[in-house]
**Student:** 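This structure is in structure tokens; I'll ask about it shortly.
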There are 2 protein chains.
Amino acid sequence: MNRTWNQYVVKQENKTLVLSTIIEQTPISRASVAQVTGLNKGTVSSLVSELIDEELVEESGPGESNGGRRPVMLLFNGKAGYSLAIDLGVDYLLGTIIDLDGNIFYEKKRQLQSTDFDVVFPFLTDFIKHLMAQVPKSRYGIIGIGVGVPAVISNQGEILLAPNLNWKKIKLKEQLEQQFNLPIYIENEANAGAYGEMRYGFEQTPKHMVYASIGIGIGVGMILDGQLYSGLNGFAGEAGHMTVVKDGRTCRCGNLGCWERYASEQALIDEAIDRKLIEHNQEEPFHNLIELADQHNQAAIDLFKEIGTYIGIGLTNTINIFNPEHVVIGNQLIDAEQWIAPTIEAYINEHTIGFHQNDLKVSFAKLQAYSTVLGMAAFTIEGFLLKQRDA
Amino acid sequence: MNRTWNQYVVKQENKTLVLSTIIEQTPISRASVAQVTGLNKGTVSSLVSELIDEELVEESGPGESNGGRRPVMLLFNGKAGYSLAIDLGVDYLLGTIIDLDGNIFYEKKRQLQSTDFDVVFPFLTDFIKHLMAQVPKSRYGIIGIGVGVPAVISNQGEILLAPNLNWKKIKLKEQLEQQFNLPIYIENEANAGAYGEMRYGFEQTPKHMVYASIGIGIGVGMILDGQLYSGLNGFAGEAGHMTVVKDGRTCRCGNLGCWERYASEQALIDEAIDRKLIEHNQEEPFHNLIELADQHNQAAIDLFKEIGTYIGIGLTNTINIFNPEHVVIGNQLIDAEQWIAPTIEAYINEHTIGFHQNDLKVSFAKLQAYSTVLGMAAFTIEGFLLKQRDA
DNA sequence: CGTTAACTTTGTCCATATGACAAACAAAGT
DNA sequence: ACTTTGTTTGTCATATGGACAAAGTTAACG
């Protein structure tokens, strides 16, 4: 059964159009909404009054006159509900409460002692209960829970494989749905980061964006035509396993010469140990390396440059394939920005095909450590607004 | 100004829904269309009668009864108009007249003696005039001209760079529009091939498909979510220039170790000359190599295997990034299918991350030499039907 | 400087048109 | 007598355009 178009759909679409206009351009008057959207003034009026009934939109005081009657300004009510967004890392949980505007209302980080799922899961549900207790009263309360995981996740929300956590085939979504009667969203950490950066990291939302999450491994989130692209089964973006060196180093994926064996935090640390820059089993090896570079240790600086070059190789490949507007680098590695950024930029400028360079911008994650949680929040918020519309 | 939804849009959308249902499932009755689309019987009836007025749909005789009144079968009228689709190669022009059903009504190939644009352009317009003379009478006549070019083409239809033709910044679309008062479509040859294969090469239209056009160079056309993805400026898909061997062979793009320096027809020929399998300046070196392999020449067979491995490397990279449903290999290299296919398949099976393999299919272009023209025809046909709808 | 009239902008209300839908109905079969 | 197909008719939801009221601004005039 295909989707048919009738008057109800028309209304739904127009209502979301009005709402998203208000969200994007808040504060805005009814008259401006009509002009921006192209809808009739009367139509806007009636849709807005419904949105006000639903407490998704509020009237603030009158605005500046434009040579006539003063407009009544409309605001999106970001406090109508809250999303719980969690970044599940290899050794930590970052939990946040985020309002509909994308503001972080509350945050808390807890360390994980084990990656064993039977230990992590109760810890996670306990953490969620803690977060739920902190959510302020509001019309819609908690609108959903989103969890970003460093894992390959199917379109159905099942964790297929999380190599760094040693998880396999875990139905996290189902399990959380059973515990909490709320909409649950599970996504790959890089995809969530990409979405977060697109939604909240730019003045002008980019149409095509590639987000490279470089941590222990490398994952890539792709925004194409303003939407997250996740492939046939939901596991696109395993760019970390593209071959950049034929017959190169073995990778845990079974392949040889994978990008993430040359350009990830893990690759950096492995090389640093090999070159005796740091000790085996040292704590915080990554930040120690940054410190070394800060202290003008040439070997450390050179190592960062090498890693930067490899990052550049992989990014250049994706740029040549995608012709994106923006390339954003996120996750752990942003802490070493000053030591790798110049190399990456130089490599890309020298090696991408000429046309790409005009409009291409390469930058580091503006949301820093919050890319993932904000992305997960955006997923839950959009799901909520869609459900709201259909009701 | 955003797109607003009103009753007119609803009608347009429903009308295209009805039409595409008829196209896809022809012959089909009004009642079945209603059931398949979910639209009301009356709605379908009135929309169909408009489509019949526009001669896009015809009634054929009565069909088989299903236990009641016999249905009137509806057919899409593929002869309501014709598209001129041209494959502009490095040394040939393949011109076709294609009806709205995607059937090739007429075809003609002409060799090009020079790649100089000032020579090619008059030759092309002359060729188009010849084709126009062969088009049969029909309600809508020639609905548009589509030209597939091995070049980087902007979203505005300008040829930015065609390395193998030695063209740069040529406004082919504008020039053809001036000569012929018809809708003109210019696209990259790989993009057109991808589109053609998606539309006419499958029983079930794939959602996500990667088409690798492997000829002198390598271009990649991507179908994501059923649509051609062309990137911010229209020049996505330059995957031929991804680095597969760090510090490898120099490429004409200025980079080192590009995929197409190892996996293209040109790479094959260069290697063959190096290994003295064929002479320099020989005619048809590619097909001579195939003949050598056919004659059990082990060196030639090994060379094909090597090239196959490199093709596998690049395809594996794209698979890991895109998680597509299908990978299709097209252009010249399909002639060597029997000598490279096993190697490519073996490499992919061994090296893509496990999840991809379940639903992934790798095949060679079913439309063979017609992928590009059929893709260009599909572009013009879809453009025509859209314009028809809006009228 | 104050007053007033003319014009503008904003937002609501109402009549109208459109197109989908449901149901009744006719036609043509099993 | 029942089923399936296709048309017709009346109803309903919703966007639209224009009229209108409310609340300003601008500029001319005394």
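Since the structure is predicted, the reported quantities are computational estimates derived from the model, not experimental observations. Just so it is clear, the values below take in all heavy atoms, side chains as well, and ignore hydrogens, waters and symmetry mates.
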**Student:** Nearest-Å distance, CG (A/Asn66) to P (D/dA23)?
**Tutor:**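 Rounded to whole Å, this separation is 17 Å.
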
**Student:** For B/Arg30 and C/dA28, give me the distance from atom CZ to atom C1', rounded to whole Å.
**Tutor:** 15 Å

**Student:** Output side-chain donor-acceptor pairs under 3.5 Å for residues 202-211 of chain B, partner residues at least two apart or in another chain, one line each.
**Tutor:**
from: B/His208; atom 1: ND1; to: B/Asp225; atom 2: N; distance (Å): 3.0

**Student:** Using a strict cut-off of less than 4.0 Å between a Lys/Arg side-chain nitrogen and an Asp/Glu carboxylate oxygen, indicate whether B/Lys11 and B/Glu50 qualify as a salt bridge.
**Tutor:** yes

**Student:** What I want to find out is whether B/Glu187 reaches B/Lys173 closely enough, with some N-O distance under 4.0 Å, to be called a salt bridge.
**Tutor:**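 The answer is no: the pair does not qualify as a salt bridge.
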
**Student:** Taking side-chain hydrogen bond (donor to acceptor under 3.5 Å, both in side chains) as the test, write out the residues that go with A/Ser29, two or more places apart.
**Tutor:** A/Ser32

**Student:** Can you measure A/Ile28 atom CD1 to C/dT10 atom P for me and round it to whole angstrom units?
**Tutor:** 11 Å

**Student:** Taking it one step at a time, do A/Val48 and A/Val33 satisfy side chain to side chain contact (heavy atoms under 4.5 Å, CB included)?
**Tutor:** CA-CA 10 Å; A/Val48 164; A/Val33 171; 5.6 Å; no

**Student:** Which residues in residues 67-77 of chain A have a heavy atom closer than 4.0 Å to any atom of DNA chain D?
**Tutor:** A/Gly67, A/Gly68, A/Arg69, A/Arg70

**Student:** For A/Glu64 and C/dT8, give me the distance from atom CD to atom C1', rounded to whole Å.
**Tutor:**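 Nearest whole value for this atom pair: 16 Å.
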
**Student:** Can you list everything that forms a side chain to side chain contact (heavy atoms under 4.5 Å, CB included) with A/Tyr140? Sequence neighbours excluded, please.
**Tutor:** A/Glu54, A/Leu56, A/Ala80, A/Ile143, A/Phe384, A/Gln388

**Student:** Among all residues two or more places apart in sequence or in another chain, which pass the salt bridge (Lys or Arg N to Asp or Glu O under 4.0 Å) test with B/Arg69?
**Tutor:** none

**Student:** In sequence, state the C-alpha distance, the side-chain angles, and the governing distance for B/Val72 and B/Arg30, and then conclude on side chain to side chain contact (heavy atoms under 4.5 Å, CB included).
**Tutor:** CA-CA 7 Å; B/Val72 178; B/Arg30 289 172 175 80; 4.0 Å; yes

**Student:** Return the polar atom pairs (N/O with N/O) between nucleotides 12-19 of chain D and the protein under 3.5 Å, or none.
**Tutor:**
from: D/dA13; atom 1: O4'; to: A/Gln7; atom 2: NE2; distance (Å): 3.4
from: D/dA15; atom 1: OP1; to: A/Asn14; atom 2: ND2; distance (Å): 3.4
from: D/dT16; atom 1: OP2; to: A/Asn40; atom 2: N; distance (Å): 3.1
from: D/dT16; atom 1: OP2; to: A/Thr43; atom 2: OG1; distance (Å): 3.3
from: D/dG17; atom 1: N7; to: A/Asn40; atom 2: OD1; distance (Å): 3.4
from: D/dG17; atom 1: N7; to: A/Asn40; atom 2: ND2; distance (Å): 2.8

**Student:** Partner of C/dT30 by Watson-Crick or G-U wobble geometry, both contacts under 3.5 Å, or none?
**Tutor:**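 In the structure as shown, C/dT30 has D/dA1 as its Watson-Crick or wobble partner.
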
